[in-house]
Structures are given as C-alpha cells and as structure tokens.
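Notes for the one structure printed next.
Here the structure is a predicted model, which is why all the values come from computation and not from measurement.
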Amino acid sequence: LQPYSYFLVVARLEPENNIETILKGYLLSDRETHCPLIVVGKTDTPHGKYLVGKYGGEKSVRFVGGIYDFDKLNSLRHFSSAYFHGHSVGGTNPSLLEAMASGSFIVASDNVFNASVLRGDALYFSSDADVCTIINSLEAETEAKRDTFVANNLERIKTAYSWEKLTDEHEQYFLEILNKE
C-alpha cells in the first residue's frame with residue numbers, strides 16, 4: 001500500500017458497523033478502480049462470511065482479517081486516504097478514538113455517538129449514496145479540510161480524552177458519591 005492511496009475500515013464485521021453500506025458506496029464511486037478499500041476485521045463471524053462471500057471477489061476490496069499489532073494498525077490508519085468509521089451503536093467507540101489519535105481523516109456514520117466525539121471534524125454518511133458522494137468529492141474535501149480536521153481531532157484527544165482528564169473526572173465523581181452519604 002502506498003500512503004494516502006487507499007481507504008480503510010477497521011471494525012468487527014457486524015451489521016451495526018455499516019460495513020456493507022461503506023462497501024456499496026465505495027463500489028458505486030469513481031475511485032474504486034484505483035484506490036483499494038482495505039477492510040480490517042475478523043472474517044469468521046456469520047456477517048463477516050456474508051460480506052466476504054458477497055464482496056470478496058471485487059478486485060479493489062481487500063479483506064485482510066484482524067490486525068492486532070497497534071503500531072501496524074495505527075500506521076494503516078494514519079496513511080489511509082480516509083478512514084471509514086461505520087459504528088452506529090454504543091457511545092464513545094475506542095476504535096474511533098484510536099483513529100483520531102493516529103491522525104486519520106475520518107468519514108463516520110452520522111449518529112449521535114460519533115457526532116458527539118468528532119463534532120464538525122469529520123465527514124458524515126447515512127447511506128451508500130452518501131459514501132459514494134463523499135468518495136467522489138474526497139480530493140477536494142481532503143485538500144480543504146484534512147489538516148484542520150486532523151489537527152482538531154488530535155487536540156480533542158489530548159484534552160478531552162487524556163488518561164489524566166478521565167482519571168480526574170472519575171475521581172471527582174467518586175468523591176461526590178462518598179460525600180453524599
């Protein structure tokens with residue numbers, strides 16, 4: 001893989017992570033012939049097997065399985081042209097924070113969880129048509145917004161999601177509980 005010449009998805013291959021929506025939008029786009037989509041995640045789940053069966057034959061889609069070496073994974077995230085985050089349930093997702101911390105240009109599922117973390121520093125999709133539109137306009141978007149989005153997300157990781165801040169907030173909360181008794 002060459003830097004900034006591929007798209008990336010890192011997720012459990014489950015329906016709520018919108019991987020099929022990303023795949024469909026990618027395959028509808030103009031970029032799929034020269035910018036591969038790399039899908040990182042275990043493929044031996046029922047939905048993973050379904051996705052590989054349906055899309056694994058596409059020459060520009062690469063299912064690479066799980067990658068558990070964080071240095072390699074963060075390098076993949078950092079050097080992707082865009083990191084697609086399809087997670088749609090459950091609050092602040094650790095994978096999203098890791099993508100932010102690795103300097104990824106993020107395209108995320110449009111939901112309250114992702115928006116509360118990323119705010120305006122990502123592009124958002126709700127459908128495969130949205131994914132297609134974003135991919136087709138990504139060069140212009142990347143030039144205009146990449147550096148700003150990445151810098152803002154890195155700053156947010158340092159300030160809002162640092163271990164020190166989270167530890168202090170938990171400690172304060174526990175002290176408040178103890179003082180109520």
Side-chain angles (χ1 to χ4, degrees), residues 1-118 122-139 141-142 149 153:
L1 296 173
Q2 297 299 313
Y4 310 110
S5 66
Y6 61 92
F7 301 117
L8 183 66
V9 175
V10 178
R12 288 179 305 104
L13 303 187
E14 299 296 342
E16 67 269 13
N17 291 335
N18 291 298
I19 297 161
E20 188 165 25
T21 300
I22 296 165
L23 286 162
K24 285 179 179 178
Y26 168 75
L27 291 170
L28 289 170
S29 76
D30 298 334
R31 300 282 300 268
E32 67 94 11
T33 56
H34 62 278
C35 196
L37 175 63
I38 309 303
V39 181
V40 176
K42 288 175 61 175
T43 58
D44 62 354
T45 64
H47 193 64
K49 290 176 184 176
Y50 161 76
L51 292 172
V52 171
K54 187 167 181 180
Y55 300 100
E58 299 288 342
K59 68 178 185 166
S60 59
V61 175
R62 300 181 195 163
F63 290 92
V64 298
I67 297 176
Y68 304 100
D69 179 321
F70 277 108
D71 290 336
K72 288 180 184 174
L73 195 55
N74 286 333
S75 181
L76 281 172
R77 286 177 173 130
H78 178 80
F79 289 108
S80 64
S81 180
Y83 172 85
F84 285 85
H85 185 78
H87 297 68
S88 62
V89 297
T92 303
N93 185 277
S95 183
L96 179 57
L97 298 178
E98 291 167 359
M100 292 167 68
S102 68
S104 297
F105 182 70
I106 299 170
V107 180
S109 174
D110 191 4
N111 61 65
V112 66
F113 307 115
N114 295 335
S116 69
V117 173
L118 293 163
L123 302 177
Y124 292 96
F125 69 90
S126 297
S127 67
D128 55 357
D130 291 343
V131 171
C132 177
T133 299
I134 288 168
I135 289 174
N136 287 341
S137 65
L138 204 53
E139 260 182 48
E141 293 284 350
T142 302
F149 284 4
N153 285 331

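- Note that CG of Leu51 and NZ of Lys49 are 12.5 Å apart. Values are rounded to the nearest 0.5 Å.
- Asn93 has its side chain out of reach of Phe113: every pair of non-hydrogen atoms, C-beta onward, lies at least 4.5 Å apart.
- Using a 4.5 Å cut-off on side-chain heavy atoms (C-beta onward), Phe7 and Val107 make no contact.
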Using the rule given for side-chain contact (heavy atoms from CB on, under 4.5 Å), can you reason through Tyr83 versus Ser95, listing the C-alpha separation, both sets of side-chain angles and the distance that settles it, and then say yes or no?
CA-CA 11 Å; Tyr83 172 85; Ser95 183; 2.9 Å; yes
side-chain contact (heavy atoms from CB on, under 4.5 Å) for Val39 and Ile22? Distances and angles first, verdict last.
CA-CA 10 Å; Val39 181; Ile22 296 165; over 6 Å; no
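- Counting all heavy atoms, side chain and backbone alike, Ser109 lies closest to Asn114 at O-ND2, 3.0 Å.
- Under a 3.5 Å cut-off, the side chain of Asn153 and the backbone N or O of Ser102 do not form any donor-acceptor pair.
- Here the side chains of Phe125 and Leu123 are not in contact, with every heavy-atom distance at 4.5 Å or above.
- Counting heavy atoms from C-beta on, the side chains of Leu96 and Met100 come closer than 4.5 Å.
- Not one N or O on the side chain of Ser29 forms a donor-acceptor pair closer than 3.5 Å with the backbone of Asn136.
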Can Glu14 and Thr45 be said to form a side-chain contact (heavy atoms from CB on, under 4.5 Å), step by step?
CA-CA 8 Å; Glu14 299 296 342; Thr45 64; 3.7 Å; yes
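- In this structure, Cys35 SG and Leu1 CG are separated by 9.5 Å, a value rounded to the nearest 0.5 Å.
- Taking the six-membered ring where the residue is Trp, Phe149 and Phe105 present parallel rings, their angle staying beneath 30° rather than reaching 60°.
- Atoms CG and OG, from Leu37 and Ser81 in turn, are 11.0 Å apart once rounded to the nearest 0.5 Å.
- Within the model, atoms CG of Asp71 and CG of Leu76 stand 11.0 Å from one another, a figure rounded to the nearest 0.5 Å.
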Do Ser127 and Asp130 pass the side-chain contact (heavy atoms from CB on, under 4.5 Å) test, and can you show the C-alpha distance, the side-chain angles, and the key distance before you say yes or no?
CA-CA 5 Å; Ser127 67; Asp130 291 343; 3.3 Å; yes
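- Considering all non-hydrogen atoms of both residues, Glu98 and Phe70 come closest at OE2-CE2, 3.6 Å.
- Annotation: the span from Asn17 atom CG to His85 atom NE2 amounts to 7.5 Å, rounded to 0.5 Å.
- Between Ile67 and Val40, the closest heavy-atom pair is N-CG1, 3.8 Å.
- Heavy-atom contacts from other residues, nucleotides or ligands closer than 6.0 Å to NZ of Lys54 number more than 12.
- Inter-residue side-chain proximity for Thr43 and Leu13 is flagged as met; some heavy-atom pair is nearer than 4.5 Å.
- Between Thr21 and Phe84 the shortest side-chain heavy-atom distance does not fall below 4.5 Å.
- The distance from the OH atom of Tyr124 to the CG atom of Leu118 is 4.5 Å, given to the nearest 0.5 Å.
- For the pair Tyr4 and Ser80, the tightest heavy-atom approach, listed with the atom from each and the gap, is CD2-O, 3.5 Å.
- Arg77 approaches Ser104 most closely through the heavy-atom pair O-OG, 3.1 Å.
- Shown here for Pro36 and Ser5, the closest heavy-atom pair between the two residues is CD-O, 3.4 Å.
- Between the side chain of Tyr55 and the backbone N or O of Phe63, no donor-acceptor pair lies under 3.5 Å.
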